[in-house]
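Take a look at the structure below.
So you know, we letter chains A, B, ... as the sequences are listed, proteins then strands, and number each from 1. For the numbers below, each heavy atom of this structure counts, side chains included, while hydrogens, waters and symmetry mates do not.
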Amino acid sequence: MKTMTKEKYTLIKDEVSVKVAASVPESIRTKRIKRTGVRIYKDGCLGISGYMGDEGEAEATKRAEAALAHKISYPCEPSAALARSVTVGVKPFTPKELDAEVAAVLAAFRKDFPQFVLSSPFIKSGTYTEALSNDAGLDLHSAITLHEFAILFKQDTSSSIMDGWFECAGQKYDRETFLAYGSQFLGAYLNKVSLPAGGKLPVFFDDNDGLVKQIFARELGGMTFGSGGSLFSGKAGQQLFNENFTLFGSRQDDYLPFFDAEGVCGEGFKYIENGVLRAPFCDKKTAAKFGFRPSGTAAASYDGTPEIGASVMKIKSQAKTIKEMLGSQPAVFVSMASGGDFTSEGGFGTPAQVAYLLQDGKLVGRLPQLQLSSSVNEMYGKDFLGVSGDKIMPLSNSRWLGFMLNVSKM
Amino acid sequence: MYNFPEGLYSDVRIEKVRATLVQYLKGDLREMRERDTSGAFIRVYDGKRWYYSSTTSLDKVQEEIDRLAALATPAGAIAEDKVVKNMAAEKARPHGFTGKDLRTVTLAEKNGFLSSFFPAVTGEKTITMWSASFSDTFTHRELYNSKGAQSVCEQQFCGIRIGMTFSENGHTFAEGAMKAGGEFCELAGFKETLDKVIEKSLDFLRNSKRVKPGKYTVVLSPLAAGVFAHESFGHKSEADFMLGDAAMMKEWNIGRRLGPDFLHITDDGSCAGSGFTPFDDEGTPAKKTTLIKNGKLAGRLHSAVTAAAMGELATGNARAVSFEFEPIVRMTTTHFEAGNMSKEELFAGVKDGLFIDTIKHGSGMSTFTIAPSLAYFIKDGKIAGPAQVSVISGSVFDTFGHIDAISDKVELLSFVGGGCGKMEQHPLPVGFGGPYVRVQEMSVL
């Protein structure tokens with residue numbers, strides 16, 4: 001290792017957001033927050049400090065050098081000799097543009113669906129910049145412009161905080177597409193339908209929903225896995241799940257920079273391939289400790305030590321569309337399932353507060369509140385239906401993820 | 001201090017924070033840092049719309065006020081606006097913390113204290129993975145508004161947490177031990193807490209059995225009852241969810257019966273602990289708000305904005321998670337008050353049920369949920385072995401009617417490393433706890 005390497009990690013959030021209450025815009029917020037971390041690598045140790053705003057690098061560098069005295073070990077080489085800059089997305093809305101767009105969207109929904117009260121904690125448009133550079137030749141830069149339109153709705157006769165929601169988050173935005181998507185939810189919500197008979201039914205989620213994947217985020221962490229504390233410890237190379245189930249890392253699909261907090265580019269890293277357990281997710285240090293490969297998922301606060309992060313797990317999609325997957329069979333689409341979890345042994349249970357009947361690839365009616373249950377082995381084994389080739393919403397990256405689950409009315 | 005524009009209401013919140021974090025992963029030091037941050041949140045209101053900005057450039061606050069003012073439409077009679085009338089107008093006496101300043105405790109002392117608990121963990125061979133952290137924050141907040149209000153408030157909080165994964169014979173179980181308080185000396189006694197958690201976790205690892213899904217009588221510990229009060233009722237008492245919503249207002253009409261006579265729930269920002277909020281982020285001082293009294297709806301939580309809209313008084317619950325966000329209606333320390341029988345009597349009345357001791361997380365909407373960690377079967381009034389439960393849930397509207405016993409002692413709890421999430425603002429420190437609460441007919445998965 002070189003005697004000393006200095007590295008800078010910069011995060012900039014440049015964002016405008018509109019909050020909606022009682023179906024009208026309530027506030028406009030602008031935000032420009034810049035955070036910079038300075039890392040000093042020396043003799044197998046890492047010292048870090050940081051600052052906010054534009055000024056403070058010299059002082060932060062001194063503090064980072066002093067922090068080497070804490071002897072936080074980092075027995076790995078910092079990433080080096082790679083320069084790449086990626087800018088994605090078109091320019092963000094200005095405050096006035098976003099305000100006008102939100103007003104237009106709300107007016108359209110109010111006209112077509114006067115039965116609903118609409119709100120939104122945030123409708124956002126912004127550019128999120130991350131840069132990682134060091135004096136070993138690393139110079140990575142990412143600027144991602146993202147538009148996030150999230151609408152919560154409730155019927156005007158409802159005494160709930162909210163009855164449901166829909167959103168699109170992506171690099172493109174189109175009013176008509178968003179209105180059509182939202183109208184499908186609102187229209188289906190007004191049509192109460194019964195739960196199809198069967199007990200065990202095809203149940204679909206947005207594949208970005210963390211609920212059904214959280215077992216892997218919990219059990220495939222490199223430290224837990226390598227230490228023997230995971231349900232899956234010692235099972236690498238074994239066929240544990242359905243052969244159509246492949247779990248991989250994709251920062252791109254999650255609208256994240258192409259590099260992680262250590263400068264590792266891990267797009268496509270496979271955790272589970274065709275049902276066979278391949279590898280846990282790791283930062284460099286954990287990978288070195290157990291002989292794993294870094295997965296490109298290290299996370300860090302601007303002034304923090306990089307550590308294992310698991311936010312970018314995707315399930316490989318199939319060629320089939322949702323319509324082809326289901327044929328004429330009705331299915332459940334879970335729009336909101338809050339509070340569920342997997343037990344320490346892999347048992348799964350969750351209420352589904354908002355669920356729709358899915359028929360021919362469309363939401364056609366609102367189901368009663370449901371209880372769903374299964375186990376990780378069954379869900380990703382014999383009961384795994386896969387991920388559709390088509391998207392739930394054309395402007396987002398989410399697809400239909402299905403399982404056969406035990407379903408009952410709450 | 002600032003030139004607030006005419007015809008508009010404006011306020012500026014300055015926040016300066018010193019935060020310490022010492023963190024180990026399986027005995028390996030991962031973080032040891034002291035972080036100083038500062039930033040400002042600026043609000044401008046023209047009687048119709050709010051305009052917000054957050055910035056880390058404290059020298060540019062005036063520019064931000066002027067920029068937001070340019071977006072707004074000044075109103076001649078802004079002082080007569082109901083919302084503006086509800087905003088603080090006084091120069092409050094500075095509010096300081098009590099006890100030893102956490103900033104004077106060295107990193108080495110904090111690290112040494114944390115490390116002193118490691119032998120208890122490394123001595124237990126079934127603990128295959130563990131993490132340990134000490135964290136503290138010292139927060140200095142200043143608030144200035146165009147009505148002349150000024151307040152300065154300083155708070156501090158610290159805590160220690162050890163998370164452990166136990167593994168044996170192919171079974172795993174994860175649990176944590178935590179202690180938190182306003183002063184370093186309040187963390188004394190953590191060793192006893194840690195030893196108890198290890199003992200309970202080993203029993204759970206070796207002897208727990210999966211519960212059969214169904215409806216059960218459930219006894220909630222003070223921790224679980226606190227989460228239940230927070231998730232099932234607390235969020236629904238936040239008045240911003242009711243604005244412009246006639247159905248919600250009707251449903252949550254003051255005086256409506258929700259549960260038995262011995263049911264009382266309060267929110268109190270003046271309680272010491274992680275929910276302590278002597279002044280909220282609009283400058284309103286803390287107060288105790290009774291949300292349910294004698295089983296009937298008695299109040300709700302307000303910001304100045306929601307109180308004005310509903311013709312009620314601000315309750316000191318306008319809170320922001322940091323200078324990056326606007327204050328919204330949030331809880332402080334929310335809990336059941338003491339009830340109608342002893343803990344022993346409460347358990348004795350359960351023939352076949354479950355006791356939820358600790359939890360992983362909870363959520364609340366029309367249906368609330370709690371994901372238990374340590375849970376136990378109850379048979380004929382006695383604890384009858386550990387139970388694996390994915391989630392317990394119930395309808396918010398129905399569940400209070402199913403409470404049939406509350407114990408007579410309240411235990412309030414504080415936390416570090418997590419908090420309440422609402423919309424995009426997470427984690428906000430809150431306190432909860434309470435007595436033991438018995439609920440009939442709870443759905444268990």
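- With a threshold of 4.5 angstrom between heavy atoms, Phe41(B) approaches chain A through side-chain atoms but not through N, CA, C or O.
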Before giving the answer on side chain to side chain contact (heavy atoms under 4.5 Å, CB included), spell out for Glu345(A) and Gln388(B) the whole-Å C-alpha distance, their side-chain angles and the decisive distance to 0.1 Å.
-> CA-CA 8 Å; Glu345(A) 301 289 315; Gln388(B) 294 172 30; 3.3 Å; yes
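- Among all heavy-atom pairs drawn from Pro121(A) and Glu424(B), the shortest one is O-OE2, 4.2 Å.
- Partner Met52(A) forms a side-chain contact (heavy atoms from CB on, under 4.5 Å) with one of Thr55(B), Asp36(B), Thr37(B) and no other, that one being Thr37(B).
- Heavy-atom minimum distance, Ser167(B) versus Gly228(A): OG-O, 3.5 Å.
- Note on Gln425(B), Arg35(B), Lys422(B), Arg210(B): by heavy-atom pairs under 4.5 Å with chain A, the leading option is Arg35(B).
- Using a cutoff of 4.0 Å between basic side-chain nitrogens and carboxylate oxygens, Arg49(B) and Asp99(A) are scored as salt-bridged.
- Residue with the most contacts toward chain A among Glu34(B), Met249(B), Gln23(B), Lys26(B): Lys26(B) (heavy-atom pairs, distance under 4.5 Å).
- By the neighbour-count criterion of 12 heavy atoms within 6.0 Å, atom NZ of Lys215(B) is densely surrounded, having more than that number from other residues, nucleotides or ligands.
- No side-chain donor-acceptor contact under 3.5 Å links Ser227(A) to the backbone of Met129(B).
- Contacts of Tyr52(B) with chain A are made by both backbone and side-chain atoms, with heavy-atom separations under 4.5 Å.
- Of the inter-residue distances, the one linking Arg30(B) atom CZ with Leu46(A) atom CG reads 11.0 Å to the nearest 0.5 angstrom.
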Full working for side chain to side chain contact (heavy atoms under 4.5 Å, CB included) between Glu307(A) and Glu31(B) | CA-CA 10 Å; Glu307(A) 58 183 4; Glu31(B) 297 277 13; 5.5 Å; no
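- Using a 4.5 Å cut-off between heavy atoms, Ile328(B) contacts chain A through its side chain alone, with no backbone atom that close.
- For chain B, the nearby part of Lys124(A) is the side chain; its heavy atoms alone come within less than 4.5 Å.
- With a 4.5 angstrom heavy-atom cutoff, Phe122(A) touches chain B only via side-chain atoms.
- For a residue to count as touching a neighbouring chain, one of its non-hydrogen atoms must lie under 4.5 Å from one of that chain's; by this rule Ser158(A) touches chain B with the backbone only.
- Only the backbone of Thr157(A) comes within contact range of chain B, judged by heavy atoms closer than 4.5 Å.
- Of the listed residues (Gly304(A), Gly340(A), Gly47(A)), the one with the most heavy-atom contacts under 4.5 Å to chain B is Gly304(A).
- Nearest heavy-atom pair, Ala371(B) versus Gly339(A), reported as atom, atom and distance to 0.1 Å: CB-O, 4.2 Å.
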Under 3.5 Å donor-acceptor pairs involving side-chain atoms of residues 370-378 of chain A, not counting sequence neighbours:
from: Ser375(A); atom 1: OG; to: Glu378(A); atom 2: N; distance (Å): 3.3

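- With a threshold of 4.5 angstrom between heavy atoms, Ser17(A) does not approach chain B through any atom at all.
- Side-chain contact check for Gln353(A) versus Thr369(B): some heavy-atom pair is nearer than 4.5 Å.
- Considering only heavy-atom pairs separated by less than 4.5 Å from chain B, the leading option among Thr343(A), Thr224(A), Asp303(A), Val117(A) is Asp303(A).
- Only the backbone of Asp156(A) comes within contact range of chain B, judged by heavy atoms closer than 4.5 Å.
- With chain A as the partner, the residue from His171(B), Glu324(B), Met32(B) showing the most heavy-atom pairs under 4.5 Å is Glu324(B).
- Neither the backbone nor the side chain of Leu58(B) comes within less than 4.5 Å of any heavy atom of chain A.
- For a residue to count as touching a neighbouring chain, one of its non-hydrogen atoms must lie under 4.5 Å from one of that chain's; by this rule His361(B) touches chain A with the side chain only.
- Closest approach of Lys285(A) to Leu29(B), counting heavy atoms only: NZ-O, 4.0 Å.
- Neither the backbone nor the side chain of Tyr24(B) comes within less than 4.5 Å of any heavy atom of chain A.
- More than 12 heavy atoms of other shown residues, nucleotides or ligands fall within 6.0 angstrom of atom CD in Gln115(A).
- In this structure, the portion of Phe348(A) lying under 4.5 Å from any heavy atom of chain B is its backbone and not its side chain.
- With a 4.5 Å cut-off on non-hydrogen atoms, Lys360(B) touches chain A through its side chain but not through its backbone.
- Of the two parts of Ser57(B), neither the backbone nor the side chain holds a non-hydrogen atom closer than 4.5 Å to a non-hydrogen atom of chain A.
- Partners of Pro213(B) according to the side chain to side chain contact (heavy atoms under 4.5 Å, CB included) rule, which considers only residues two or more places apart in sequence or in another chain, are Leu445(B).
- Of the two parts of Arg67(B), only the side chain, counted from C-beta on, holds a non-hydrogen atom closer than 4.5 Å to a non-hydrogen atom of chain A.
- Ser390(B) places none of its side-chain heavy atoms less than 4.5 Å from the side chain of Asp341(A).
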Can you list the steps and then say if Lys289(A) with Asp28(B) is a side chain to side chain contact (heavy atoms under 4.5 Å, CB included)?
-> CA-CA 11 Å; Lys289(A) 181 179 175 73; Asp28(B) 182 34; over 6 Å; no
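- Between the side chain of Ser344(A) and the backbone N or O of Thr172(B), at least one donor-acceptor pair lies under 3.5 Å.
- Of the atoms belonging to Leu107(B), it is side-chain heavy atoms, and not backbone ones, that fall under 4.5 Å from chain A.
- Neither the backbone nor the side chain of Glu168(B) comes within less than 4.5 Å of any heavy atom in chain A.
- Proximity to chain B is limited to the side chain of Arg218(A), based on heavy atoms less than 4.5 angstrom apart.
- Of residues 18-26 of chain A, those residues lying under 4.5 Å from chain B by any heavy-atom pair are Lys19(A), Ala22(A), Pro25(A), Glu26(A).
- How far OG1 of Thr56(B) is from CG of Asp54(A): 7.0 Å, rounded to the nearest 0.5 Å.
- Of residues 31-38 of chain A, those residues lying under 4.5 Å from chain B by any heavy-atom pair are Lys31(A), Arg32(A), Ile33(A), Lys34(A), Arg35(A).
- Salt bridge annotation for Glu326(B)-Arg29(A): present, with a cationic side-chain nitrogen under 4.0 angstrom from a carboxylate oxygen.
- No side-chain heavy atom of Ser131(B) sits less than 4.5 Å from a side-chain heavy atom of Met223(A).
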